[in-house]
Amino acid sequence: MPKGDDKDTSGLRGTPPKPAPPRKSALLLFAVLLVAFALAIAATLLLANDRRNLRILLDRYDLNWLLEPETDEPRGTRALRGRRLAPVPISIPARYFTGPESAAIGAFVREVRASGGELCAAFKAAGVNNGGWQPSQFDGKTYECLSETLLSATEEGGQNASFFFIAKGTPEGEVGSIRMKLVAPETEDGQTVHRLLVKALEQLIEQARWLDLAPAIASAEALSDFTAVRFGVSFRFTHEFTAPRSYNLIVLPTSKDPAVKRSRAYFDTLQWLPLPSIIARLPEYLRPHVVATKPLSSTPDPDAPAAPAPAKRKTTRPALIAPPAP
């Protein structure tokens, strides 16, 4: 045997070998599994019940902005935070959610936009002579504008040519009804009064702002019937069956529709309560600006008298000076 192999090894034969030390990779794997298990438990607790615990934690450390959705707010803005107010119960009447009552629904109602004086002046400028807007001979509460043109027949036994026009309304200038009557025989006089009817109809549609009834002018030129009932106004140009070459134009308000009838009753000033006494003491030129008592002209009337200046009172405060009348 070699010289170095003569050592006594009899005592080491019965001793078990020492275990090998654990490797670092096994410890690292155990730590990773432990952390992952802990994170899974924490995530389950925080995300349960629609992230309720997570919201409580973020509110505790003022980190709500982590869960806020992205908005288009400009930089530098920040939502105010504070104590949440307790909800306050309110009672909303059921009528707020019900549909409108059919018995209270109104409708658009047509009216002549121009006043009676403006309408008469426009007719006079078009060649239909009249005396202006003045009280009726039979009723002082009704004002009217009247025109009558009669051209006698030159031939014996011939038919006279005539054109009759009348508009009625209130003293404040509201036009309520219009009627025109034409008798146009096939003569030169008949053509003359026929042209008066066409001019009067043109002025009526222009002054009343009823442009949708413009086809009635062509019907009047051709002496053909035209009927329209729109927005509570009946417009009829018809031929008289009892008389040859005779025609009637009648414009009247109609209230067959209950909605139109309710609207007319609502805006009827005769059914309103009387004005307070303080408004009655206002100057005449200021009263239309407080309450619409009559139609106001779009152009000032140069012939209208100037409004008197209000009387001055002795007072220690500076007096208000009334503006000059237009």
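Computed from a predicted structure; not experimentally measured. Values reported hereafter were calculated over all heavy atoms of this structure, with side chains retained and with hydrogens, waters and symmetry mates removed.
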Value for OG (S147) from CD1 (I166), rounded to nearest 0.5 Å, stands at 10.5 Å

Residues pairing under salt bridge (Lys or Arg N to Asp or Glu O under 4.0 Å) where one sits in residues 231-243, two or more places apart or in two chains, turn out to be K181-E240

Correct closest heavy-atom pair for A122 and Q207 would be CB-NE2, 3.6 Å

**Prompt:** Within a radius of less than 6.0 Å around CZ of F231, do more than 12 heavy atoms belonging to other residues, nucleotides or ligands occur?
**Reply:** no

Worksheet entry | Close side-chain approach of L223 and L182, heavy atoms under 4.5 Å | yes

Interatomic distance, OG1@T254 vs NZ@K261, rounded to 0.5 Å, equals 11.0 Å

query: Is the H239 ring parallel, tilted or perpendicular to the F241 ring (thresholds 30°, 60°)?
result: perpendicular

Side chains of P171 and Q134 in contact at under 4.5 Å (non-hydrogen atoms) = no

Within the structure provided, determine whether R264 and V109 are in side-chain contact (heavy-atom separation under 4.5 Å). yes

- Would you call N130 and E148 a side-chain contact if the rule is heavy atoms closer than 4.5 Å? no

- Query: So do L33 and F37 actually touch side chain to side chain, heavy atoms under 4.5 Å?
  - Reply: no

Exercise. Looking at side-chain heavy atoms only, is the closest gap between V175 and W133 below 4.5 Å?
Worked result: yes

CZ of F237 to OH of Y247, rounded to nearest 0.5 Å, is 7.0 Å

Quick note, side chain to side chain donor-acceptor pair (under 3.5 Å) partners involving residues 210-219, not counting sequence neighbours, are R110-D212, D212-R230

To the nearest 0.5 Å, atom CG of L252 lies from atom CD1 of I178 at 9.5 Å

In this structure, CG of L204 is separated from CG of L213 (nearest 0.5 Å) by 8.5 Å

Contacts satisfying disulfide bond (SG atoms under 2.5 Å apart) that involve residues 92-207 (not counting sequence neighbours) are C120-C145

Problem - Side chain proximity check, F163 to L196, heavy atoms < 4.5 angstrom - result: yes

Requested in this report: Answer yes or no: is there a side-chain heavy-atom contact under 4.5 Å between L201 and L249?
Outcome: yes

Rounding to 0.5 Å, atoms OG1 (T187) and CG (N160) come to a distance of 9.5 Å

